[in-house]
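See below for the structure under consideration.
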Amino acid sequence: MCLIAFALKAHTDYPLFVAANRDEWHDRPASPATWWEDHPDILAGRDLKAGGTWLGISRRGRFAALTNFRDPSDRKSDAPSRGQLVSDFLAGTESVHDYLRQLQVMAPLYQGFNLLVGDGDVFQYFSSRTGEILAVPPGVHALSNHTLNEPWPKVEMAKSALAAALQAEMPEDARKVAIYDFLSNDSRATNEQLPNTGVGQEWERVLSPALIVTEKYGTRCSTFLSIARGGEVTFEERSRDQRGVVTGIVSRQFRLA
């Protein structure tokens, strides 16, 4: 997952909005979002290579999402899958803080990552790069492959677009269209705007849009999630091909237990 924009307690009727793009190699197998057979309370896509996921929610209101931390100089050949961090929290019963406290000890075993976890009452962020657990304040935030709210062009664009969609008086269907519009923005940043994460300027340019389109690597799916004050959840995932074209839609609505 390479871009997550979310609004926490920033809308009167919706405690949480999430808009996210998952970026991955196209030859890495994955299944679209569904209720998991082995954990029927979990709604998420699934990485079929390692068994974890990148973003999901449970009927109990547990939410988790992950991005990689981009740093090619920090590679571990025997690291466990980071996607398991999301599925372990979704399936678990520990409090948000207890889960992240345990993860602080284990984090050096993994490739670099950022993790968002929440249970309806508490929403926290952990980065393996800093090792710190942070309570996320109410507001509009975005996360890519650096720390939370790092001012990369697509992070700033995502925050502005989500804030505008929430401020406008529109039905949820129209708001969803506006959110998918910015998740589908493939405009690349200028050279002057690019960060320097060690992958070279050409790859920085390729990775700079919200929607990444290349033959071998790119945005595999876009996800919209909202939780209403009464506990009604709307979840929609749109799968994409190498051209960024939507090839399938999964839509689920349910009420939190």
Side-chain angles (χ1 to χ4, degrees), residues 1-11 15-24 44-45 52-57 62-71 74 82-83 85-87 89-90 96 99-100 103-104 107 110-119 122-166 179-180 182-185 189 193-197 199 204 207-212 218-227 235 237:
M1 181 75 70
C2 280
L3 180 63
I4 308 170
F6 63 100
L8 181 65
K9 299 177 181 177
H11 190 283
L16 182 65
F17 271 99
V18 179
N21 276 349
R22 181 212 180 201
D23 305 327
E24 183 55 87
T53 187
W54 50 93
L55 179 153
I57 188 170
R62 290 169 78 85
F63 168 83
L66 176 91
T67 72
N68 300 341
F69 193 99
R70 192 191 305 159
D71 182 357
D74 182 19
R82 290 164 288 194
L85 301 175
V86 175
S87 52
F89 176 77
L90 295 176
V96 169
Y99 183 79
L100 293 183
L103 184 55
Q104 276 183 311
Y110 292 84
Q111 306 280 17
F113 67 88
N114 299 294
L115 185 65
L116 295 168
V117 290
D119 65 1
V122 178
F123 204 98
Q124 295 185 344
Y125 160 74
F126 176 79
S127 172
S128 65
R129 175 51 60 97
T130 66
E132 295 180 334
I133 299 171
L134 299 176
V136 181
V140 177
H141 306 273
L143 175 66
S144 186
N145 301 110
H146 205 276
T147 51
L148 184 64
N149 293 320
E150 185 72 16
W152 288 2
K154 66 179 173 183
V155 169
E156 294 294 285
M157 178 275 293
K159 289 170 64 175
S160 297
L162 182 56
L166 295 182
I179 288 172
Y180 276 121
F182 81 74
L183 291 177
S184 302
N185 187 339
Q193 296 173 313
L194 296 174
N196 181 9
T197 63
V199 298
E204 299 285 10
L207 299 174
S208 65
L211 181 71
I212 298 172
T219 301
R220 297 278 299 274
C221 67
S222 300
T223 304
F224 169 86
L225 168 69
S226 69
I227 302 179
F235 182 104
E237 178 190 271

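Annotation: side chain of I57 is in contact with side chain of L225 (closest heavy-atom distance under 4.5 Å). At least one side-chain heavy atom of L162 sits less than 4.5 Å from a side-chain heavy atom of I179. Between F89 and L115, every side-chain heavy-atom pair lies at or beyond the 4.5 Å cut-off. By the 4.5 Å heavy-atom criterion applied to side chains, R129 and D71 are counted as neighbours.
Between S184 and L211 the shortest heavy-atom distance is O-CD2, 3.6 Å. For the pair P153 and A189, the tightest heavy-atom approach, listed with the atom from each and the gap, is CG-CB, 3.9 Å. Contact between H146 and N114 at its shortest, heavy atoms only, is O-ND2, 2.8 Å. Taking each heavy atom of R62 and L90 in turn, the nearest pair found is O-CD2, 3.2 Å. Smallest separation of non-hydrogen atoms from A210 and T219: O-OG1, 3.7 Å. The shortest non-hydrogen separation linking T67 to S144 is OG1-O, 2.7 Å.
The distance from atom OH of Y110 to atom OG of S128, rounded to the nearest 0.5 Å, is 11.0 Å. Separating the CG atom in D119 from the OH atom in Y99 is a distance of 13.5 Å, to the nearest 0.5 Å.
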